[in-house]
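FYI, the numbering just counts along the sequence from 1.
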Amino acid sequence: VSIAVGTSHSVGLRSDKTVIATGDNLYGQCNVSSWREIVSISASGYHTVGLRADGRVVAVGNNNSGQCNVSKWDRVIAIYTGAHQTVGIRADGSILFTGNDRSNMSEITSWTGITSFAVGKTHIAGISTDGLIRSIGCDKVGIQFDSNWTNISSISSEADTIVAVKRDGSVVAGGNNYHGQCDVNSWRDIIAVSAGVQHTIGLRADGSVVATGWNENDQCSVSDWKLF
């Protein structure tokens with residue numbers, strides 16, 4: 001069970017390994033109803049990516065930078081998306097990258113010891129095994145990883161925002177907060193987050209979902225979601 005958001009769409013992975021989506025569908029980024037045996041999802045910009053139980057990857061939506069060119073990927077255990085990028089981690093720890101190579105993001109393919117990634121418009125951040133963050137281009141969006149950014153368990157980014165869950169279930173965020181997408185300080189018992197360009201959603205330990213930020217396309221209308 002997990003959640004993901006793009007520029008103006010939200011995606012949820014059910015416990016039966018099917019996927020739901022709501023919001024803007026201009027590029028077909030919400031066309032996920034036929035997906036089966038999905039164990040992980042990621043969305044960003046105008047595309048959505050799913051990881052199958054067999055380690056293969058599927059994608060729908062905008063592909064103007066090749067961000068959906070994942071059909072040949074295999075042995076993948078984790079997936080991540082930026083506005084125009086998709087990243088995968090294989091079972092052996094090697095890293096896959098496709099899409100727009102802003103700020104030389106593809107250099108991450110040489111990184112080791114990374115457990116997860118968050119990809120933004122011009123930056124990328126990875127969590128190392130010690131709960132600290134390694135990054136490229138985060139200074140361009142005004143994000144400084146101070147003492148609050150420790151003991152990180154998961155992280156999400158879209159455009160100019162980064163949001164992270166700490167091991168105690170609290171949440172930290174940095175970057176653009178024009179629409180209130182970083183107003184997450186009061187969130188507790190969070191087990192996963194996903195950051196969009198203008199909104200952020202969080203999954204609580206009880207299966208409920210919270211959201212903050214811009215809601216013009218109902219992308220924050222998740223109060224009735226119960227994912228497990």
Student: Are the side chain of S156 and the backbone of V163 linked by a donor-acceptor contact shorter than 3.5 Å?
Tutor: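 Pair absent, no side-chain N/O of S156 close to backbone of V163.
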Student: Does a donor on one side chain and an acceptor on the other come within less than 3.5 Å for D168 and N151?
Tutor: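 The criterion, which ignores hydrogens and geometry beyond distance, is not satisfied for N151 and D168.
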Student: Of all the heavy-atom pairs spanning H84 and N64, show the shortest one and how long it is.
Tutor: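 H84 and N64 have their closest heavy atoms at ND1-OD1, 3.5 Å.
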Student: Measure the NE2-OG1 distance between H199 and T161 for me, rounded to the nearest 0.5 Å.
Tutor: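 Atom-to-atom, H199:NE2 and T161:OG1 are 11.5 Å apart.
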Student: If Ile, Leu, Val, Met, Phe, Trp and Tyr residues are connected whenever their side-chain heavy atoms lie under 4.5 Å apart, and connections chain through other members, are V39 and V1 in the same group?
Tutor: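 No, V39 and V1 fall in different hydrophobic clusters.
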Student: Which atom names give the shortest non-hydrogen contact between V210 and I190, and what distance separates them?
Tutor: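 Reported closest heavy-atom pair: CG2-CD1, 4.1 Å.
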Student: Is T200 close to S194 at the side-chain level, that is, under 4.5 Å between some pair of heavy atoms?
Tutor: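 Heavy-atom side-chain distance check fails, nothing below 4.5 Å.
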Student: Within the structure provided, determine whether W225 and S208 are in side-chain contact (heavy-atom separation under 4.5 Å).
Tutor: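 Heavy-atom side-chain distance check fails, nothing below 4.5 Å.
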Student: Find the distance between SG (C138) and CD1 (I162) and round it off to the nearest 0.5 Å.
Tutor: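 It comes to 3.5 Å.
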Student: If we only count heavy atoms from C-beta on, is the I41 to V19 side-chain gap below 4.5 Å?
Tutor: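 Yes, at least one pair of side-chain atoms sits under 4.5 Å.
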Student: Just distance, no hydrogens or angles: give the donor-acceptor pairs under 3.5 Å from side chains in residues 92-100, sequence neighbours left out.
Tutor:
from: D92; atom 1: OD1; to: S94; atom 2: N; distance (Å): 2.9
from: D92; atom 1: OD1; to: S94; atom 2: OG; distance (Å): 2.6
from: T98; atom 1: OG1; to: G66; atom 2: O; distance (Å): 3.0
from: N100; atom 1: OD1; to: R102; atom 2: N; distance (Å): 3.2

Student: For I152 and I133, work out which heavy atoms get closest and say how close.
Tutor: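 Closest approach of I152 to I133: CG1-CD1, 4.3 Å.
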Student: Test side chain to side chain contact (heavy atoms under 4.5 Å, CB included) on I20 and V32 and set out the steps.
Tutor: CA-CA 7 Å; I20 55 176; V32 297; over 6 Å; no
Student: When you look at I136 and I108, which way does the side chain to side chain contact (heavy atoms under 4.5 Å, CB included) test go after all the steps?
Tutor: CA-CA 9 Å; I136 295 175; I108 63 169; 4.1 Å; yes
Student: Checking side-chain polar atoms at under 3.5 Å, does S157 have a donor or acceptor matched by the opposite partner on H123?
Tutor: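 Yes - a donor-acceptor pair under 3.5 Å links their side chains.
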Student: Going by distance alone, is a donor N or O of one side chain under 3.5 Å from an acceptor N or O of the other, for T212 and D183?
Tutor: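 The answer is no; no qualifying pair exists.
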Student: If you round to the nearest 0.5 Å, how far is OH of Y27 from NE2 of H9?
Tutor: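 Answer for the NE2-OH pair, H9 versus Y27, is 12.5 Å.
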Student: Given 3.5 Å as the limit, does a donor-acceptor pair link the side chain of S103 with the main chain of T122, or not?
Tutor: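 Yes; judged by distance alone, with no hydrogens or angles, the pair exists.
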Student: Taking the side chain from T115 and the backbone from I127, do they hold a donor-acceptor pair closer than 3.5 Å?
Tutor: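 Judged by distance alone, yes, a pair lies under 3.5 Å.
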Student: When hydrophobic residues are tied together by side-chain contacts of less than 4.5 Å, even through go-betweens, does L227 share a cluster with I201?
Tutor: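 Yes.
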Student: Crowded around K226 NZ? As in, over 12 foreign heavy atoms under 6.0 Å?
Tutor: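 Atom NZ in K226 is crowded, with more than 12 foreign heavy atoms closer than 6.0 Å.
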Student: Which value, rounded to the nearest 0.5 Å, describes the distance between R75 atom CZ and D54 atom CG?
Tutor: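 One finds 12.5 Å between CZ of R75 and CG of D54.
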Student: Quick one, S170 and W187 - any side-chain contact, counting heavy atoms below 4.5 Å?
Tutor: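 A side-chain contact is absent here, since even the closest heavy-atom pair is not under 4.5 Å.
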Student: Are the side chain of R56 and the backbone N or O of A53 linked by a donor-acceptor pair below 3.5 Å?
Tutor: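 Checked: no pair found.
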Student: Please identify which of these residues, L51, I89, V58, meets the side-chain contact (heavy atoms from CB on, under 4.5 Å) condition with I79.
Tutor: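 When L51, I89, V58 are each tested with I79, the side-chain contact (heavy atoms from CB on, under 4.5 Å) holds only for L51.
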Student: Going by the side-chain contact (heavy atoms from CB on, under 4.5 Å) test, name the single residue among V57, N63, T81 that passes it with T86.
Tutor: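 By the side-chain contact (heavy atoms from CB on, under 4.5 Å) criterion, T86 pairs with just one of V57, N63, T81: T81.
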Student: Over all heavy atoms of both residues, which pair between C68 and G61 is shortest? Give the atoms and the distance, please.
Tutor: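 Here C68 and G61 meet closest at SG-O, 4.0 Å.
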Student: For T48 and W35, what are the C-alpha separation, side-chain angles and deciding distance, and is it a side chain to side chain contact (heavy atoms under 4.5 Å, CB included)?
Tutor: CA-CA 11 Å; T48 304; W35 289 5; 4.0 Å; yes
Student: From K166 NZ over to S153 OG, what is the distance, rounded to the nearest 0.5 angstrom?
Tutor: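 The OG atom of S153 is 10.0 Å from NZ of K166, to the nearest 0.5 Å.
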Student: Could you tell me whether a side-chain N or O of S10 sits under 3.5 Å from a main-chain N or O of T22, the two making a donor and an acceptor?
Tutor: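 Not confirmed, S10 side chain does not pair with T22 backbone.
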Student: Flag the pair R204 / V209 as yes when at least one side-chain heavy-atom distance between them is below 4.5 Å, and no otherwise.
Tutor: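 Side-chain contact under 4.5 Å: no.
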Student: Does Q219 reach the main-chain N or O of N217 with its side chain, forming a donor-acceptor pair under 3.5 Å?
Tutor: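 Pair found, side chain donor or acceptor close to backbone of N217.
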Student: To the nearest 0.5 Å, how far apart are CZ in R134 and CD1 in I124?
Tutor: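 These two atoms lie 11.0 Å from each other.
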Student: Any idea which heavy atoms bring I3 and A192 closest together, and the distance?
Tutor: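 Looks like CD1-O, 4.1 Å.
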Student: Aromatic rings W214 and H179: how do their planes relate, parallel, tilted or perpendicular, breaks at 30° and 60°?
Tutor: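 Aromatic pair W214/H179 classed tilted.
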Student: Would you list the pairs meeting salt bridge (Lys or Arg N to Asp or Glu O under 4.0 Å) in which at least one residue belongs to residues 26-42, sequence neighbours left out?
Tutor: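 Residue pairs with at least one partner in residues 26-42: K17-E37.
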Student: Indicate yes or no: at least one non-hydrogen side-chain atom of V119 is less than 4.5 angstrom from one of M105.
Tutor: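 They are in side-chain contact.
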Student: When clusters are formed by joining ILVMFWY residues with side-chain heavy atoms under 4.5 Å apart, either directly or through shared neighbours, do F117 and I77 land in the same one?
Tutor: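 Hydrophobic grouping puts F117 with I77.
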Student: Side chain to side chain contact (heavy atoms under 4.5 Å, CB included) for W149 and L132? Distances and angles first, verdict last.
Tutor: CA-CA 7 Å; W149 294 79; L132 298 177; over 6 Å; no
Student: Determine yes or no for a side-chain-to-main-chain donor-acceptor pair under 3.5 angstrom, with Q67 supplying the side chain and N62 the backbone.
Tutor: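 Yes.
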Student: I need the minimum non-hydrogen distance between T18 and D16, along with the two atoms involved.
Tutor: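 The answer is OG1-OD1, 2.6 Å.
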Student: Answer with yes or no whether the hydrophobic clustering places L203 together with V165; edges join I, L, V, M, F, W, Y residues whose side-chain heavy atoms lie under 4.5 Å apart.
Tutor: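 L203 and V165: separate clusters.
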Student: Should V87 and V70 be regarded as members of a common hydrophobic cluster, given that ILVMFWY residues are connected when their side-chain heavy atoms come within less than 4.5 Å of each other, either directly or indirectly?
Tutor: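 Different hydrophobic clusters.
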